[in-house]
Amino acid sequence: MMFKTCSVRLMTIVTLLISSPLIADELSPFDEMSGQLNIAGGTAHIPVMKRAARQIMGHNPDIRITIAGGGSGVGVQQVAKGLVDIGNTGRALKNKEMNLGLNSFAFAIDGVAVIIHPDNPVNDLSQQQIIEIYQGQITNWRELGGQDRQIHLFSRDEASGTRSVFSKKLLKGAQLAANANIVPSNGAMKTAVSQDSGAIGYSSVGYIDEMVKAPTYNHIMPTQEACASGEYPVVRRLYMNTKGAPEELTQAFIDYIYSKQGAKHIQASGYIALDAKP
């Protein structure tokens with residue numbers, strides 16, 4: 001028993017010796033730093049930001065990182081006004097936002113997919129069907145091969161980057177039905193759809209789990225691999241935005257997101273990591 005225990009401890013020590021230096025090296029830029037980093041905006045980014053923040057603050061308790069949502073529009077507004085250090089967007093900056101003096105750092109590829117209640121028997125939706133659902137032309141799941149149940153629409157507000165991509169790439173700019181229920185974040189969308197057997201909504205692919213069901217889109221499953229290969233077409237990039245050139249702590253955080261450990265945080269959150277922007 002003692003030999004087995006010692007072997008387990010030895011294996012643990014060896015594992016730590018192999019894995020720790022890389023993580024320590026990537027966190028070493030934070031060694032002598034202190035201060036607060038404030039992040040807000042797109043909610044798809046939150047899982048990545050939280051994973052990174054936990055490791056950085058665990059490495060150096062003199063650093064404090066706050067993370068809030070609010071949507072892409074909020075991210076742009078707050079970083080442009082100097083209220084946060086990083087404003088996250090789930091879309092590229094709009095033309096009217098290009099003059100705000102912002103620098104954009106794309107770090108991940110994400111898909112946007114339709115989600116329904118896991119008990120809904122509908123397994124595939126075409127783009128035209130989704131457009132007609134969100135325009136209010138198809139109102140019962142029975143019309144789609146499902147149960148005789150009213151369709152309850154869920155959408156995001158106009159500040160949402162997820163909504164922007166969904167409307168542009170999936171709805172082709174079609175007008176959203178006035179009776180859609182508006183929710184404030186990807187997490188809230190997943191919760192709302194999971195609790196309503198008649199619901200249909202949409203979210204970042206990174207948020208899809210056993211709580212909801214993602215029907216195939218034109219017979220294509222919205223997986224991370226399909227998003228990366230281009231087989232699944234409703235994709236977007238996730239951006240961190242700063243007002244002007246990033247200051248020391250902000251730059252170190254961005255560099256960490258682009259590191260090998262940052263890529264692991266991105267992948268663990270359900271996204272595809274991008275290389276650092278030149």
Side-chain angles (χ1 to χ4, degrees), residues 26 37-53 56 65 67-80 84-113 156 159-170 185-186 203-207 222-247 249-278:
E26 293 181 344
L37 177 68
N38 298 316
I39 302 170
T43 60
H45 306 58
I46 290 177
V48 179
M49 304 289 110
K50 282 186 174 180
R51 290 173 189 273
I56 293 166
I65 302 173
I67 302 162
S72 296
V74 169
V76 170
Q77 291 171 8
Q78 292 202 1
V79 75
V84 298
D85 304 290
I86 296 176
N88 290 326
T89 57
R91 54 168 175 78
L93 295 176
K94 297 178 180 179
N95 290 336
K96 64 182 180 180
E97 297 167 342
M98 299 294 286
N99 299 321
L100 298 176
L102 304 183
N103 288 349
S104 288
F105 302 87
F107 68 93
I109 295 174
D110 175 33
V112 176
R156 297 284 304 281
S160 164
T162 307
R163 171 169 169 165
S164 176
V165 173
F166 179 77
S167 297
K168 181 179 179 180
K169 294 192 173 184
L170 213 157
S185 66
N186 279 286
S203 77
S204 161
V205 168
Y207 273 76
T223 63
Q224 191 178 44
E225 294 74 21
C227 291
S229 69
E231 181 186 11
Y232 183 75
V234 189
V235 297
R236 44 100 177 255
R237 291 188 172 196
L238 302 182
Y239 297 84
M240 297 175 285
N241 301 281
T242 64
K243 178 74 169 181
E247 295 185 357
L249 179 55
T250 305
Q251 184 65 63
F253 183 87
I254 292 171
D255 290 342
Y256 179 72
I257 294 296
Y258 284 127
S259 71
K260 290 182 179 179
Q261 189 61 33
K264 291 180 181 179
H265 296 323
I266 293 167
Q267 185 176 10
S269 301
Y271 309 128
I272 301 102
L274 290 170
D275 292 333
K277 183 176 179 180

* Asked: Under 3.5 Å, is there a donor-acceptor pair between the Ser204 and Tyr271 side chains?
  -> yes

* Asked: Thr162 and Arg236: side-chain donor and acceptor closer than 3.5 Å?
  -> yes

Heavy-atom closest contact ([X] atom, [Y] atom, distance):
| X | Y | value |
| --- | --- | --- |
| Ile67 | Ala53 | CD1-CB, 3.9 Å |
| Ile86 | Ile254 | CD1-CG1, 4.3 Å |
| Ile266 | Ala108 | CG2-CB, 3.8 Å |
| Pro246 | Thr250 | CB-CG2, 3.9 Å |
| Cys227 | Val205 | SG-CG2, 4.3 Å |
| Ile257 | Ala52 | CD1-CB, 3.8 Å |

* Could you tell me whether a side-chain N or O of Tyr258 sits under 3.5 Å from a main-chain N or O of Leu274, the two making a donor and an acceptor? => no

* Asked: Is there a donor-acceptor pair under 3.5 Å between the side chain of Ser72 and the backbone N or O of Gly161?
  -> yes

* Looking at Arg163, Lys168, Lys169, which one forms a side chain to side chain contact (heavy atoms under 4.5 Å, CB included) with Val165? -> Lys169

* **Chi angles and distances behind the side chain to side chain contact (heavy atoms under 4.5 Å, CB included) call for Lys264, Arg51** => CA-CA 10 Å; Lys264 291 180 181 179; Arg51 290 173 189 273; over 6 Å; no

Find the distance between [atom1] ([X]) and [atom2] ([Y]) and round it off to the nearest 0.5 Å.
| X | Y | atom1 | atom2 | value |
| --- | --- | --- | --- | --- |
| Asp110 | Asn186 | CG | CG | 7.5 Å |
| Ile56 | Glu26 | CD1 | CD | 11.0 Å |
| Leu37 | Glu247 | CG | CD | 10.5 Å |
| Arg156 | Ser164 | CZ | OG | 11.0 Å |
| Leu93 | Asn103 | CG | CG | 9.5 Å |
| Asp85 | Asn241 | CG | CG | 13.0 Å |

* Asked: Does Lys243 reach the side chain of Leu102, with side-chain heavy atoms less than 4.5 Å apart?
  -> yes

* Around atom CD of Gln267, are there more than 12 heavy atoms of other residues, nucleotides or ligands at under 6.0 Å? -> no

* To do: Test His45 against every option in Tyr207, Tyr239, Phe107 by the ring pair (Phe, Tyr, Trp, His ring centres under 6.0 Å) rule and name the one that passes.
  => Phe107

* Test salt bridge (Lys or Arg N to Asp or Glu O under 4.0 Å) applied to Arg91 and Glu97, step by step -> CA-CA 12 Å; Arg91 54 168 175 78; Glu97 297 167 342; 2.9 Å; yes

